[in-house]
Structure formats: structure tokens, C-alpha cells
Amino acid sequence: MAEKQKPKDTRSAEQIRRDIAAARARFSANVEQLVEEVHPTTVKDRAVGQARSFAQAEINSAKATIKDEAGWRLDRVLAVGAAVAGVVVLLLSVRALGTSRKKSIAKKAQRALEG
């Protein structure tokens, strides 16, 4: 069987140098692009952008549940208001319990010092 011979390279030395220089330039550009893509600031900015897009989509979805083409949906607005009021009451209760517990501990410490 006869082996196929590779075609002879007919480029001049100067053309080969130019081709090598062009390949180096392409390689350098690719490396710079890769470095930019994986740079921590770029990754952070991309994540922040995705989070903002997600948050905006969720806000739009929430708005759509309480307001439609006909206007505000009173049943949904009241439900959201009740949920907010419940959270406020819960937080105030927890705060009040924490304050009364601190006062109780302070009284016990005072008695221990006096007695």
C-alpha cells in the first residue's frame, strides 16, 4: 500500500513568522478573555446580576398576585396585611420576653449581691 504524502508547505519563512505571530495573538486574547471570565469581581458581578433578576421576577410575581387588570385584589391585600401584622406581633412578643428575662436576671443578681 502506498502511503499518502503530506502536501509540501509552500509558505515562506516570513509567512510562517506572521502565522505564528497571529496564533500567539489569538492565544493571548483567549487567555485574557478566560482570565476576565473567571476573575472574582466578574463572577461576583454576574451573581449579583442574576440575584437582582431573580428578585425582580419574584417582586413582579408577588405584585401580580395582589393586583390584576381590574385593580387591587382586596382579599389578597388583607391576607398580606394580616401576615405582616402577625410578624410584628411576634417580634414585639419576643422582644418583650427578652426584656423581662433580662430584668429577672438582673433582680436575681442584685439579690445575690445583697444577701
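- Of the possible donor and acceptor atoms, none in the side chain of S61 sits under 3.5 Å from a partner among the backbone N and O of A57.
- D19 places no side-chain N or O within 3.5 Å of a backbone atom of A22 that could act as its donor or acceptor partner.
- Separating the CG atom in L78 from the CH2 atom in W72 is a distance of 12.0 Å, to the nearest 0.5 Å.
- Side-chain contact between Q50 and F54: absent, with no pair of heavy atoms (C-beta onward) separated by less than 4.5 Å.
- D45 is linked by a salt bridge (charged side-chain N to carboxylate O under 4.0 Å, His left out) to nothing, counting only residues two or more places apart in sequence or in another chain.
- For the atom pair NZ of K63 and CD of E58, the computed distance is 13.0 Å after rounding to the nearest 0.5 Å.
- Side chains of T42 and E36: a donor on one and an acceptor on the other come within 3.5 Å.
- Note: the hydrophobic cluster containing I105 does not contain L97 (ILVMFWY, side chain heavy atoms under 4.5 Å, direct or indirect links).
- A salt bridge is absent between R111 and E114; no separation between the charged side-chain nitrogens and carboxylate oxygens falls under 4.0 Å.
- The CG atom of L74 sits 12.0 Å away from the CZ atom of R76 when rounded to the nearest 0.5 Å.
- Between R24 and I20, the closest side-chain pair of non-hydrogen atoms falls below 4.5 Å.
- Taking every heavy atom of both residues into account, E37 and V43 meet most closely at O-CG2, 3.9 Å.
- Taking the side chain as every heavy atom from C-beta outward, I16 and D9 approach each other to under 4.5 Å.
- A 6.0 Å sphere centred on CD of Q33 holds no more than 12 heavy atoms belonging to other residues, nucleotides or ligands.
- Side-chain contact between L34 and N30 is absent, with no heavy-atom pair separated by less than 4.5 Å.
- Around CZ of R52, the count of heavy atoms belonging to other residues, nucleotides or ligands within 6.0 Å does not exceed 12.
- Residue I66 comes nearest to V80 through the heavy atom pair CG2-CG2, 4.2 Å, listed as atom of the first residue, atom of the second, then distance.
- Under the 3.5 Å distance criterion, the side-chain polar atoms of S93 are matched with a main-chain donor or acceptor of V89.
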